[in-house]
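Here is the structure we will look at.
These figures come from a predicted structure and were not determined experimentally. Numbers for residues simply follow the sequence, beginning at 1. Ligands are counted one by one from 1 in listed order, and the atoms in each one are counted from 1 as well.
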Amino acid sequence: MAEQMCAVVYLGPEQIELRSLPVPEPKEGELLVRVRAALTCGTDVKTYRRGHPKFPPPFVFGHEFGGDVVAVGEGVNAFREGMRVTANVFAECGECFYCQREQGNLCANLVYNFGAFAEYMIIPASIVRRTTFEIPAHIAYAEAALLEPLVTVVHGWHKAAVQPGETVAIIGAGGPISLLFIQLLLHNGAGQVIAIGHSSSRLAVAKELGATQVINAKKTDTITAIREWTRGYGADVVIECAGTKSSWETSVEVVRRGGRVLWFGGLPGGTKVEVDAARVHYGEIDLLNMHGGTAAEAHEAFDLIVSGGVKAAPLLSGEVPLEQVESALKRMIAGEAVKLVVLP
Ligand SMILES: [Zn+2]
Ligand SMILES: [Zn+2]
């Protein structure tokens, strides 16, 4: 009989369970990894609350991790037992219509990788080939585990094409994505970063990371505050990270004429958003959208972690064992934690 492991299984909205499952065996091209640290993520929270449109339960939960390779499938040459690794949650095929156009994030054959809230997990072959990385000795497992959210932030940053000296407003600030954006933007010479959020404690982290101005939307009117802070013009770039209809709409109100809005936070299918067509058209406002990131951006993101261009520590609010994944997600929902490190 195969060896058993503990794993957190997702069964449906607000239903997760710690179960004993057989340790999987790596097939051709795959890696078996002993998970050393995994991170809770906004996507886990969304899935916990309302399910995931693409992935029917049950499945082993969690997707951000760092660990040790303990077994290698046939044909794998780049990795061997004992290596410390992390991997992105998805990899593109490299061949389809979208991949041929360097839009691998939209790949028709994207392969996903779940199962990080467990003692062991498999990394699928195409992810091993394209978006798995050896962690250097000076980077902790939990720091390397930040790869996947950072890939999406790097993709968003490319999309928004933020220029040195520009003023960027981040709506929905305080969550991990916004804290990564703040670091990436300032690292690359953004002039000012205005962070708008709802939680004073989380906004304090944004301030610590260098946000020029933090605005608590509970206490101040966002539109008035941003206009005041930008001498009435509005921000050059607005990045929407809250994923609500109202913040999508607000973002169009606080961007300057000729500026760009990046809608980062996805909304459920069927949601209709209202924008003032004249404001957008005659004001030449670019409305940008994004989802995921490419394999090339995964390499860029990993380099940022290794070089210290982006720091993980301010995003990590504490450690929990596997048994406490559910309460960890509840702490995130309550705004008490940015990300928690799960130690299997
Ligand atoms: Zn994630
Ligand atoms: Zn493809």
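Looking at His63 and the Zn ion (ligand 1) together, the shortest N, O or S contact belongs to NE2. Looking only at N/O/S atoms, Glu64 comes nearest to the Zn ion (ligand 1) through OE2. Looking at Glu148, its N, O or S atom nearest to the Zn ion (ligand 1) turns out to be OE1.
The aromatic rings of Phe55 and His52 sit tilted, their planes meeting at an angle between 30° and 60°.
Without hydrogens or angle criteria, Glu119 side chain to Cys6 main chain gives a donor-acceptor distance under 3.5 Å.
Computed with the Zn ion (ligand 2) at the centre, the Cys96 SG to Cys93 SG angle is 110°, stated to 10 degrees.
None of Leu180, Val162, Val153 except one satisfies the side chain to side chain contact (heavy atoms under 4.5 Å, CB included) rule with Leu185; the exception is Val162.
Proximity of Arg50 to Pro268: side-chain heavy atoms (C-beta onward) are separated by under 4.5 Å at one or more points.
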